[in-house]
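Have a look at the structure below before the remarks.
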Amino acid sequence: MSQEKETHEEHFSRDFTKNETRLKERLGLGESFDVGVRTLSILDRKTSIYFVNGLIDSLYVIELMKELMDLDVRHRKTHNIKEAFKNHLTHVQVEETHSMDNAITQMLSGLIFILVEGEEEAFVIDVRQYPGRGPEEPDTERVVRGARDGYTENIIINTALTRRRIRDERLRNEIMQVGVRSKTDICVSYIDGIADPVLVDIIKKELEAIEIDGLTMADKIVEEYIVKQGANPFPLVRYTERPDVAATHLLEGHILIIVDASPSVIIAPTTLFHHVQHAEEYRQSPAVGTFLRWTRFIGIFFSLFILPFWLLLVMQPSLLPAALEFIGPEETNNIPMVLQILFAEMGIELLRMAAIHTPSPLATALGLVAALLIGEIAIQVGYFTPEVILYVALGAIGMFATPSYELGVALRITRILLILLVAFFKVPGLVIGTTIFVLLLAGLKTFNKPYMWPFIPFDPPAIWQILIRSTVPSVRWRPSIVNPQDPIKQKPSGR
């Protein structure tokens with residue numbers, strides 16, 4: 001396929017008028033207001049600068065034009081016109097290209113290209129200045145202590161934020177363009193000598209094989225192409241908006257996929273337990289970090305099983321020991337308990353979606369409406385029993401405590417399925433449903449890596465790192481799941 005593209009690639013001609021006509025036809029000059037050209041006469045030769053308004057640093061382009069005009073004044077008798085132009089392009093990144101297709105693609109990415117009469121090569125200069133916000137702390141990964149910068153929608157800023165934390169000459173940021181029409185920039189970041197080269201090649205081949213008009217949903221579309229998730233709701237890659245989290249994973253041997261116009265980066269490969277870790281655990285002392293981690297684990301576990309288990313006890317009170325006979329509603333109403341739980345779950349989900357779409361000034365009003373309608377009036381009218389609201393709320397809190405939004409939604413779907421199984425089959429439903437759930441997780445693989453590692457396959461040292469937040473000086477080895485080329489993270493202190 002690449003050979004076909006090269007065969008049909010259009011090149012610049014020495015005929016300046018022919019180039020002008022062809023570029024006007026291809027770029028729609030005069031039709032698209034944001035695509036422009038500035039033509040000058042330098043050293044008695046026509047010189048055209050092609051650009052896209054809004055994606056370039058106009059002040060820098062003006063400085064380049066001043067330098068070229070100054071060249072016209074001082075060097076009218078220069079014989080090597082091409083070298084004279086090149087030496088007066090005051091920029092650190094100047095390339096030459098014969099390809100008109102390449103020059104146009106670069107220009108539409110925010111660069112400019114300069115075409116000189118009589119030359120069949122164009123000068124491509126990087127003067128990009130993408131519109132966007134500055135680095136801010138991401139809302140979904142806030143910490144009490146720690147860095148407040150986060151990735152933005154600008155791929156150049158994102159790679160710089162990572163490079164700032166890893167000043168290793170072996171850090172590689174390989175960029176490519178994906179999308180037949182969008183030509184979206186995608187950067188594959190890894191540390192040469194640590195990351196598995198086989199996995200790097202697999203990811204790059206998967207990205208190169210993407211044939212689609214455009215990546216309108218940015219990194220999410222990329223994920224669907226490279227991991228083939230299908231109907232599985234559980235996330236097979238991890239997203240992060242924190243450069244410190246991304247840098248930590250790079251040093252462990254993971255690979256980053258950074259997509260332009262997206263403030264989150266993809267970390268691969270990952271397991272289930274990567275999605276329940278949070279930066280806050282490493283910003284506190286090991287004891288506090290372990291406490292936070294276990295609190296989160298327990299919250300996630302209870303949020304998944306508390307509603308199905310409570311429903312089972314309500315449906316079969318004989319399972320309750322004498323000391324726990326108080327569990328269950330004192331009064332029943334006309335709506336079956338299963339429907340109450342499902343309606344309450346749907347209400348919580350609707351509230352979550354409404355909170356996302358509600359402007360901040362109206363969020364307080366939304367909370368008041370939710371508290372009155374669902375918390376009080378619904379109980380007084382008799383639609384819900386108080387215990388249903390209590391356990392649904394506890395389940396929702398546990399899900400919201402999950403660091404990964406994608407994992408939280410997947411667990412919520414699993415919880416609803418378990419509730420339905422309990423409603424239809426009672427004890428066998430809960431047992432069989434839980435067994436199938438564990439078996440499905442054990443059978444999942446991402447980039448041929450087991451999703452339940454380090455439990456399956458069993459890796460005791462890695463399990464210790466999962467359960468206990470160890471001190472950084474005690475962690476000597478990189479996780480084996482990524483097949484690191486250099487497995488030693490740090491040598492012993494020798495004390």
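Index from 1, following the sequence. Computed from a predicted structure; not experimentally measured.
At least one side-chain heavy atom of Thr434 sits less than 4.5 Å from a side-chain heavy atom of Phe305. Looking only at side-chain heavy atoms (C-beta outward), Ile56 and Gln129 stay at 4.5 Å or farther from each other. Between Glu223 and Gln229 there is a side-chain heavy-atom pair separated by less than 4.5 Å. Contact of the Thr152 side chain with the Pro263 side chain is not registered, since no non-hydrogen atoms from C-beta on lie closer than 4.5 Å. Using a 4.5 Å cut-off on side-chain heavy atoms (C-beta onward), Glu153 and Asp260 make no contact. Contact check for Trp294 versus Leu467: side-chain heavy atoms found under the 4.5 Å cut-off. Between Leu292 and Val288 the shortest side-chain heavy-atom distance falls below 4.5 Å. Within the 4.5 Å cutoff, no side-chain heavy atoms of Tyr239 are placed close to those of Val265.
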Are Lys228 and Glu206 close enough, and set up right, to give a salt bridge (Lys or Arg N to Asp or Glu O under 4.0 Å), and what steps lead you there? CA-CA 11 Å; Lys228 314 295 189 297; Glu206 291 286 348; 3.1 Å; yes
Is there a side-chain hydrogen bond (donor to acceptor under 3.5 Å, both in side chains) between Thr162 and Thr159? Walk through the geometry before answering. CA-CA 5 Å; Thr162 308; Thr159 54; over 6 Å; no
Starting from the C-alpha separation in whole Å, work towards a yes-or-no answer on side-chain contact (heavy atoms from CB on, under 4.5 Å) for Trp310 and Val388. CA-CA 9 Å; Trp310 178 77; Val388 168; 3.8 Å; yes
Please test Asp244 against Arg164 for salt bridge (Lys or Arg N to Asp or Glu O under 4.0 Å), starting from the C-alpha separation and ending with a verdict. CA-CA 10 Å; Asp244 50 0; Arg164 182 183 179 189; over 6 Å; no
For Ile156 and Arg128, run side-chain contact (heavy atoms from CB on, under 4.5 Å): C-alpha distance rounded to whole Å, both residues' side-chain angles, the deciding distance at 0.1 Å, then the answer. CA-CA 9 Å; Ile156 305 299; Arg128 281 177 286 196; 4.0 Å; yes
side-chain contact (heavy atoms from CB on, under 4.5 Å) for Arg163 and Leu171? Distances and angles first, verdict last. CA-CA 8 Å; Arg163 178 76 71 173; Leu171 174 60; 3.6 Å; yes
Would Ile463 and Phe458 satisfy side-chain contact (heavy atoms from CB on, under 4.5 Å), going step by step from the backbone distance to the final call? CA-CA 8 Å; Ile463 289 177; Phe458 192 65; 3.0 Å; yes
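For Asn102, the side chain to side chain contact (heavy atoms under 4.5 Å, CB included) test picks out Thr97, Ser99, Gln106, with sequence neighbours left out. Taking Glu281 as the reference, Arg293, Arg296 meet the side chain to side chain donor-acceptor pair (under 3.5 Å) condition, with sequence neighbours excluded. The side chain to side chain donor-acceptor pair (under 3.5 Å) check on Asp34 picks up nothing, with sequence neighbours excluded. Legend: residues meeting side chain to side chain donor-acceptor pair (under 3.5 Å) with Glu141, ordered by chain and number and at least two apart, are Thr240. Taking Met346 as the reference, Leu350 meet the side chain to side chain contact (heavy atoms under 4.5 Å, CB included) condition, with sequence neighbours excluded. Residues passing the side chain to side chain contact (heavy atoms under 4.5 Å, CB included) test with Val144, sequence neighbours excluded: Glu280, Gln284. Remark: Arg170 pairs with Asp168, Arg172, Ile191, Asp192 by the side chain to side chain contact (heavy atoms under 4.5 Å, CB included) rule, at least two apart or across chains. Taking His249 as the reference, Arg238 meet the side chain to side chain donor-acceptor pair (under 3.5 Å) condition, with sequence neighbours excluded.
To the nearest 0.5 angstrom, Ile267 atom CD1 is 8.0 Å from Leu250 atom CG. Atom CD1 of Ile466 is separated from atom CD of Gln277 by 5.0 Å, given to the nearest 0.5 angstrom. Taking CD1 from Ile397 and CZ from Phe302, the interatomic distance works out to 13.5 Å, rounded to the nearest 0.5 Å. Summarising the geometry, atom CD1 belonging to Ile212 is positioned 9.0 Å from atom CD belonging to Glu224; distances are rounded to the nearest 0.5 Å. Residue Thr295 holds its OG1 atom at 3.5 Å from CZ of Phe291, rounded to the nearest 0.5 Å. Atom CG of Leu251 is separated from atom CD of Gln490 by 11.5 Å, given to the nearest 0.5 angstrom.
Closest approach of Ile166 and Ala247 over heavy atoms only: CD1-O, 3.6 Å. Here the closest heavy-atom approach between residue Pro243 and residue Tyr151 is recorded as CA-OH, 3.5 Å. Across Ala147 and Arg165, no two heavy atoms sit closer than the pair CB-NH2, 3.6 Å. Thr385 and Met337 make their closest contact through OG1-SD, 4.1 Å (heavy atoms, listed as atom of the first residue, atom of the second, distance). In terms of heavy atoms, Leu256 sits closest to Ala246 at CD1-CB, 3.7 Å. Gly253 and Val482 get closest at one heavy-atom pair: O-CB, 3.9 Å.
At distances below 3.5 Å, at least one donor-acceptor pair connects side-chain atoms of Gln340 with backbone N or O atoms of Ile335. The closest donor-acceptor contact from the side chain of Glu252 to the backbone of Ile194 lies at 3.5 Å or more, if one exists at all.
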Using a 3.5 Å cut-off and no angle test, enumerate the donor-acceptor pairs between side-chain atoms of residues 437-455 and protein atoms at least two apart in sequence or in another chain.
| residue | atom | partner | partner atom | Å |
| --- | --- | --- | --- | --- |
| Thr446 | OG1 | Leu236 | O | 2.9 |
| Lys449 | NZ | Ile481 | O | 3.4 |
| Tyr451 | OH | Pro235 | O | 2.6 |

Quick one: side chains of residues 407-432, donor-acceptor pairs under 3.5 Å with protein atoms, not counting sequence neighbours, listed by atom name and distance.
| residue | atom | partner | partner atom | Å |
| --- | --- | --- | --- | --- |
| Arg412 | NH1 | Glu349 | OE1 | 3.2 |
| Thr414 | OG1 | Ala410 | O | 3.0 |
| Arg415 | NE | Glu345 | OE2 | 2.9 |
| Arg415 | NH1 | Ser303 | O | 2.9 |
| Arg415 | NH1 | Gly395 | O | 3.1 |
| Arg415 | NH2 | Glu345 | OE1 | 2.9 |
| Arg415 | NH2 | Glu345 | OE2 | 3.1 |

For residues 174-189, please give each side-chain donor-acceptor pair under 3.5 Å, one per line with the distance, not counting sequence neighbours.
| residue | atom | partner | partner atom | Å |
| --- | --- | --- | --- | --- |
| Glu174 | OE1 | Lys204 | NZ | 2.8 |
| Glu174 | OE2 | Tyr190 | OH | 2.5 |
| Gln177 | NE2 | Ser109 | OG | 3.4 |
| Gln177 | NE2 | Asp185 | OD1 | 3.2 |
| Ser182 | OG | Thr184 | OG1 | 3.0 |
| Ser182 | OG | Leu215 | N | 3.4 |
| Lys183 | NZ | Val180 | O | 3.0 |
| Ser189 | OG | Asn173 | OD1 | 2.6 |

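The ring of Phe301 has its center no closer than 6.0 angstrom to the ring center of Phe297.
Among pairs with a residue in residues 399-409, none fulfils salt bridge (Lys or Arg N to Asp or Glu O under 4.0 Å), at least two apart in sequence or across chains.
Only one option out of Leu199, Val227, Asn483, Val237 pairs with Pro269 in a side chain to side chain contact (heavy atoms under 4.5 Å, CB included); it is Leu199.
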